[in-house]
Protein chains: 2
Amino acid sequence: MISVPIEISGLKIFLAVAKKGSISKAAEELHYVQSNVTIRIKQLEETLGTSLFYRKSRGVCLTNSGYLLCDYAEKIIAMVREAEKVVSNPETTAGQLVIGSMETTAATRLPPLLAEYHRSYPQVDLNLVTGTSEESLKRLLDYQIEGAFVAGVVSHKELIAEKVYEEELVLVAPINNDPFAKRAGLKVLVFRAGCAYRAHLENWLRISGRVPYKIIEFGSIEGILGCVAAGMGISFLPRSVVDSSRVQENISIHNLPTGIANMTTWFVRRKNEKQGHNLKLFRELIVREDTGKEDLAIIQ
Amino acid sequence: MISVPIEISGLKIFLAVAKKGSISKAAEELHYVQSNVTIRIKQLEETLGTSLFYRKSRGVCLTNSGYLLCDYAEKIIAMVREAEKVVSNPETTAGQLVIGSMETTAATRLPPLLAEYHRSYPQVDLNLVTGTSEESLKRLLDYQIEGAFVAGVVSHKELIAEKVYEEELVLVAPINNDPFAKRAGLKVLVFRAGCAYRAHLENWLRISGRVPYKIIEFGSIEGILGCVAAGMGISFLPRSVVDSSRVQENISIHNLPTGIANMTTWFVRRKNEKQGHNLKLFRELIVREDTGKEDLAIIQ
DNA sequence: CTAGAGATATCATTTCAAATAAAATTTATA
DNA sequence: TATAAATTTTATTTGAAATGATATCTCTAG
């Protein structure tokens, strides 16, 4: 007889025989024919290279190997049952939740939100992937993340976006420097390509005739603010970001014209498909934080 | 599609797909055809009532349910592997060892032996079942115990016996009482029927003309010695038992004629069949304790 | 815009392991 | 010695899993 891989069904048969102390009785309980149970037990013994039962004239009883296997089989089957229960229950709040976000939102809006979520649902591994709005949308469509905070209009038939934050953009510049002067060689510090703020900014610079300017790309808020404070150039950031920054003393803040100043942050997720339970709870948390405001405006 | 029970093979296929992020790649790795893997995954999803993968244009990726199942599947498969390893290894020192013994041996000879065994092999659950020699032999033949300490000649084609202890039997009586007086109505305290000592004793009483006598049966050493001390009657016990007893002051000890006085304790186990590893180690411990004596005499 | 590559899904067919059925064997017991 | 209660063995049937071929989908390159 050749060695057959161990299967759950084989372990169940084994446990039934061990419990009943009889192959026939076990077969009856399992609604199998007795010879089938005999064979399955022999297969197990063959696979393990050891006998699991002593054959007595009336029934069987466990060898020490069988006794050992009993413990394992029970644990294994219990774990399979638990897996079935947990995985098949759509209300299970566990596993992971990966959220995408712009740097700016991650820096100011998300910390309390993520902390609250983690406090409420500690079984869920929270994962934040920062990147430009464009990158986040791509990740969303590729199932790498389940939801994302983005700026700019989202219009994709598989996605749904909700307004969550209204940010006021301000111009930040070094102290003692007229940031609105239409100097040539103006240096502008921005996030890497794809950031909605950057597009916004570039648009304004162009229509207000402040070209040519020099772009310096950064990957983090801290980098931009630090370099502005050091006099390297100017930037555009949400007021909330600048307000909570540690380098406020070394920068000057300037209002922008209405129309340019306002930017909306959206929370985007996949449409139709039944959304994951972890994501559902996350969205509920966002809505709850917004209590007092009108219901979230929903796009698409 | 109907719901199919979860099997190890299904979990292995699932893990391969999760690892590769692709049904085709997983099929290749497992030397299956792609359509087969597709079906097995769908069966799992059907059984669990939830989808495990998002189908992307290139490959698949885990849903949160799939992520949850991953953890379980890995644990389950690891446990199966461990079970295979432990159970199939004949050197595994774990599980249980059930030993049978007479009360007298259990009281005097076994405590240090069992303690030493437990110290050396703490993974093994030691189990001592006391009973008459007759009962122990029956249990041995019924696979309820793996070895037994018995007195009296063992002659059974499936068993093998080794001399382990030479006990000197003594007569114990209340103080101030001539135990050898051939009084009628002599009360004799003995173990329950089947005890080899009792047979020995009854034989001597008969041939030395001390009948009729009255038998009182006990199940424990403590009971017998206590009642002898209280003046209820006499008994026969190994000197080692009496020496280590706590009631020595209230009893008198008397030598018996040679020929009657000596009794051998044997360690009996099943013959031929490859003996269990736990038992093998136990027997080695007995032999080691006997170092200095000649090799154990082996009967049959 | 179309062709092709690279993936999953579907469906008909084959295959082989598991289940059944029935007879042989073993062992205790009446 | 016959009977009963098990297990084992052997031959046969069955059905779930594996295969093979095809359809379908979607991104990419020309």
Side-chain angles (χ1 to χ4, degrees), chain A residues 1-14 16-18 20-47 51-63 66 137-138 141-144 156-158, chain B residues 1-14 16-47 51-63 66 137-139 141-144 156-158 270 273:
Chain A
M1 184 187 294
I2 63 155
S3 172
V4 169
I6 291 179
E7 292 288 356
I8 303 292
S9 56
L11 295 180
K12 284 182 178 166
I13 291 171
F14 166 77
V17 173
K20 294 280 183 184
S22 157
I23 290 184
S24 327
K25 300 279 171 51
E28 193 176 5
E29 177 175 85
L30 298 166
H31 303 108
Y32 282 145
V33 126
Q34 169 266 322
S35 60
N36 188 34
V37 176
T38 294
I39 297 282
R40 298 296 299 268
I41 295 295
K42 288 186 66 170
Q43 284 178 352
L44 254 188
E45 292 181 319
E46 183 71 26
T47 299
S51 55
L52 298 169
F53 293 102
Y54 296 113
R55 271 66 171 183
K56 304 194 293 184
S57 56
R58 290 292 157 95
V60 298
C61 72
L62 288 170
T63 62
L137 293 178
K138 190 159 188 164
L141 289 169
D142 197 41
Y143 296 98
Q144 292 175 39
H156 189 290
K157 65 183 193 320
E158 294 178 15
Chain B
M1 185 186 293
I2 63 155
S3 173
V4 168
I6 291 179
E7 292 289 357
I8 303 293
S9 57
L11 295 179
K12 283 181 177 165
I13 291 172
F14 166 77
V17 174
K19 192 183 74 185
K20 293 280 183 184
S22 158
I23 291 184
S24 324
K25 300 276 171 54
E28 193 177 2
E29 178 175 86
L30 298 166
H31 302 109
Y32 282 144
V33 131
Q34 166 264 322
S35 59
N36 188 35
V37 175
T38 294
I39 298 281
R40 297 295 299 269
I41 294 296
K42 289 187 68 171
Q43 285 178 353
L44 253 188
E45 293 181 318
E46 183 71 26
T47 298
S51 55
L52 298 168
F53 294 101
Y54 296 114
R55 271 66 172 182
K56 305 194 293 184
S57 56
R58 288 293 159 93
V60 298
C61 73
L62 288 170
T63 61
L137 293 178
K138 190 159 189 165
R139 291 193 176 113
L141 290 169
D142 196 41
Y143 297 97
Q144 292 175 39
H156 189 288
K157 66 183 192 322
E158 295 180 13
R270 291 193 152 259
E273 349 210 356

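Just so it is clear: chains get the letters A, B, ... in the order the sequence lines come, proteins before strands, and each one is counted from 1. Computation of the quantities below employed the complete heavy-atom set of this structure, encompassing side-chain atoms and omitting hydrogens, waters and symmetry-equivalent molecules.
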Sugar-phosphate, base or nothing in reach of A:Glu7, heavy atoms under 4.0 Å: nothing
Below 4.0 Å: OP1/OP2 of D:dA5 and any side-chain N or O of A:Lys56: no
Exercise: identify the closest heavy-atom pair between A:Leu52 and A:Glu45: N-OE2, 2.8 Å
Atom pair distance, as rounded to whole Å: CG in B:Leu11 and P in D:dA17: 13 Å
For chain A, the stretch of DNA chain C it reaches, first to last nucleotide, under 4.0 Å of its heavy atoms: C:dA18 to C:dA28
Nearest-Å distance for atom pair NZ/C1', residues B:Lys12 and D:dA18: 17 Å
B:Glu158 side chain vs B:Arg270 backbone, donor-acceptor pair below 3.5 Å: no
Which residue lies more 5' along DNA chain C, comparing A:His31 with B:Arg58 via nearest heavy atoms: B:Arg58
Heavy-atom donor-acceptor pair, A:Glu46 side chain to A:Val4 backbone, under 3.5 Å: no
Protein-nucleotide distance (B:Gln34, atom CD; D:dT24, atom P), rounded to Å: 15 Å
Backbone N/O of B:Gln34 and side chain of B:Ser24: donor-acceptor pair under 3.5 Å: no
Backbone of B:Gly59 reached by a side-chain donor or acceptor of B:Ser22 within 3.5 Å: no
Under 4.0 angstrom between A:Lys25 side-chain N/O and D:dA6 OP1 or OP2: yes
A:Asn36 CG - D:dT12 C1' separation (whole Å): 14 Å
Sugar-phosphate only, base, or nothing, as touched by A:Ser35 at under 4.0 Å among non-hydrogen atoms: base
Gap between atoms NZ and P, on A:Lys20 and D:dT7 respectively (whole Å): 13 Å
Side-chain donor or acceptor of A:Arg55 paired with backbone N/O of A:Phe53 under 3.5 Å: yes
B:Arg40 side chain near D:dA18 phosphate (N/O to OP1/OP2, under 4.0 Å): yes
Minimum-distance pair of heavy atoms, taken over all atoms of A:Ser51 and A:Thr63: O-OG1, 2.8 Å
Length of the line joining A:Asp142:CG and D:dC27:C1', which is rounded to integer Å: 12 Å
Distance, rounded to the nearest Å, where A:Tyr32 contributes OH and D:dT14 contributes P: 17 Å
d(CD, A:Glu28; C1', D:dT7) in whole Å: 16 Å
